[in-house]
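Source: prediction; values computed, not measured. Per chain, numbering begins at 1; letters A, B, ... match sequence-line order.
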Amino acid sequence: MKRSYVIKRILYAVFIFFVVLTLNFFIPRIGVHDPAERYYPPQGGMSTIEYEIIKQFTREQYGFDVSTFQQYVRYLRGLLRLDLGTSLRSGSPKVTALIAQRLPWTLVLSVSTLVISLVTGLLFGTMAAWKRGRWQDTLLLNASTISVALPSFFIALMLSFYLGFRLELFPAYTNPNMVAQFDWSWDAIRMVFTNAALPIMSMSLGGIIGYSQITRNSVIAVTNEDYVVTARAKGLPQATVLYKHVLRNALLPLATSIGMNIGGLIGGAIIIEQVFNWQGMGTLFLEANSTKDYPLMMGIMLFLSAFAILANLVTELLYVILDPRVTVGDKR
Amino acid sequence: MSRPNVLLQVAQRGGSLVSLVRKLWQHPQGRLGLILAGCLVLVAILAPILAPYDPYDVTQRAAKGLHPSWQHPLGTTTTTGQDIFSMLIYGSRVSLMIGIGTGVALAFLGAVMGVMAGYLGGFVDNLIMRVVDIMLVIPTLPLIIVLTSLLGRSYFVIVLVFVIFGWTGLARVIRSLVLVLKNSNYVKAAELAGASRWYIMTKHILPGTSHLIIMNTALTSAGIMVAEAGLSFLGLGDPTAISWGKMLAEAQGGGALLFGAWWWIIAPGIGIFLSVFSFMRIGIVMEEIFNPRMKASSSIYKLFKHLNNTYLDEVFRSMEEEESVVREPPDRSDAPTPEGCHG
């Protein structure tokens, strides 16, 4: 039963990925008669004949000299070799190489954000649930109500202003030499984290609110269970009840919501990376957008979608593994 | 009481728009939301009267980078000398128009899709739900950026893309409710009486979901306002309009952080905050009215999911599991009357 469910979910994820990559192939081809138009370099000072030659060369280089179907097959075969195409940048770098260059920097932000918002959210949420109805709970609720209506980039700007420019605690902009000078020395690592402090702070706020509310609700639900009441009635210390009886069972909804949010974490960094000029995937995507580098843009899109699909799949499977009560019948 | 029956009762509680507004007004938080939203709408409509200067006037070279004073309550921009207070007032127009316009269009599409998926079932249901699954995994913000760059940076395109990629959450929720309504006695009675599918969908099913649609419109509008501000901040909004997101980008680009011009950043931020906050309040309070068992804290939690495009996912995951169990129509005592549903 369980194995067939797992296989079904994996096949479904593969199907969705296939649809997404097909969309990804056709999106840059909508709206124009000749899709190669979007790949031509600007004419500049070239004469018409020269420009025609350049255009012909571009068509061949990016594979527009064959029919759309053949292009699609070629695209699929490229994907099998993990080839996302060639960027329009000078030197024609591979899209995968560019992504591989920037991905670690985005991961620094997203992984730290995830860890910080999880730990803090868990702490706040448990506290609010334990002190239900007291001032700690009310404060958290009111703070959540207000901060959920504040866009993260506004928070980022304010942090950059007060902690960066006014108090000079952290760099308000990312040091432009950070990436180039990185050599795994202790100083370089410390520089990365001081530069990342403000971006991580502004990205974490939303997660802290979300995770603390999820934790609060599920802890309260578990606290009302009979076995917790029994444990308390036995006269066990509060801390033991909290750690041994409540938290262990309250963490399941949190685990599933992490999986759902991981997919969005890398893409969600776009605006924050732009605010602090952090050289990650987000700024790479915006650079590609401003130079109309469609192969690069679509490559990043496909990467992000694949990441999200994978995260969703893992979440669904984890959900079954973690909670034996879940029946895996004909859910779809 | 089982969850489907609770949902049926929730569906019954929906009333006319007037009674809804009255209920909102009676709730202190709802009143706050209504007053704020009303003020913002008034400001947006009366912008030409309220604004002391023309915010599009970029020729005031003598008045660049002024600090707040009685002439310029929020100072002027360092780049072109535009009056920030007037820009703030005009910015409300974009935010509200995009937010409400997209919210309404999205509610319409989501409701149609959800009702069709839930009521017609079979192939239509499968098709719509597969599309929903695909839309949910595609990263929305990058896709919007790609599409605006392909189709042009106008608000029409932005709204269109928001609508195309935003209806999925509502459609799922509506579908879950429709699956419950479908088995209620009054729908069964209408089917037996020979009513057409179209008649049942528009006269019996849709009114039962109206409260969810209205609530969702308020919450989505709030979410879209944040998203629009983000797009404009990235310089991907309509380049001709003044919006709060663009003001923030100009403030950053114009060195507001460097010169300590905090008012230039705070002002649009508060604008975004007030508009988003008021619509969220309305949505959350509506939910509390329709579903009194829903506490404020769990609305925030759902809102968080909403902003992450996973709106109500978990809440309805448990319900979807129950759907297969509930096949027989609910008890007579729980079944709503058609009048109750129309309100």
- Item | Positions in residues 270-278 of chain B that reach chain A, provided some heavy atom is under 4.5 Å away | I272(B), F273(B), V276(B), F277(B)
- Side-chain contact test, heavy atoms from C-beta onward, threshold under 4.5 Å: evaluate it for Y294(A) versus S149(B) and give yes or no. yes
- Message: Taking atom CH2 as the centre, does W262(B) end up with more than 12 heavy-atom neighbours from other residues, nucleotides or ligands that are less than 6.0 angstrom away?
- Response: no
- Item | Nearest-0.5 Å distance that lies between atom CG in D133(B) and atom OH in Y12(A) | 3.5 Å
- Note on the structure: Taken in chain and number order and not counting sequence neighbours, the residues that satisfy salt bridge (charged side-chain N to carboxylate O under 4.0 Å, His left out) with D125(B) are R175(B)
- Enter the distance from L231(B):CG to I271(A):CD1 here, rounded to the nearest 0.5 Å. 7.0 Å
- Flag the pair F161(A) / I266(B) as yes when at least one side-chain heavy-atom distance between them is below 4.5 Å, and no otherwise. no
- Message: Let me confirm one number: the OH-CD distance from Y173(A) to Q252(B), rounded to the nearest 0.5 Å.
- Response: 4.0 Å
- Task: Run the numbers on F285(A) and V146(B) for side chain to side chain contact (heavy atoms under 4.5 Å, CB included), then give the verdict.
- Result: CA-CA 10 Å; F285(A) 186 76; V146(B) 169; 3.7 Å; yes
- Is the backbone N or O of L150(B) less than 3.5 Å from a side-chain atom of K292(A), with the two atoms forming a donor-acceptor pair by type? no
- Task: Report yes if some heavy atom in the side chain of T145(A) is under 4.5 Å from a heavy atom in the side chain of I284(B); otherwise report no.
- Result: no
- Query: When you look at CZ of F276(A), are more than 12 heavy atoms from neighbouring residues, nucleotides or ligands closer to it than 6.0 Å?
  - Reply: yes
- Passing candidate, side chain to side chain contact (heavy atoms under 4.5 Å, CB included) with L234(B), options V275(A), N289(A), I270(A): I270(A)
- Task: Decide yes or no for F233(B) and L157(A): does some side-chain heavy atom of the first lie under 4.5 Å from some side-chain heavy atom of the second?
- Result: yes
- Message: Using the side chain to side chain contact (heavy atoms under 4.5 Å, CB included) definition, which of the options I16(A), N24(A), L23(A) pairs with I138(B)?
- Response: L23(A)
- Query: When rounded to the nearest 0.5 angstrom, what is the spacing between OG in S290(A) and CD1 in I145(B)?
  - Reply: 11.0 Å
- Interface residue of largest heavy-atom contact number with chain B, from Q274(A), M297(A), R166(A), under 4.5 Å: M297(A)
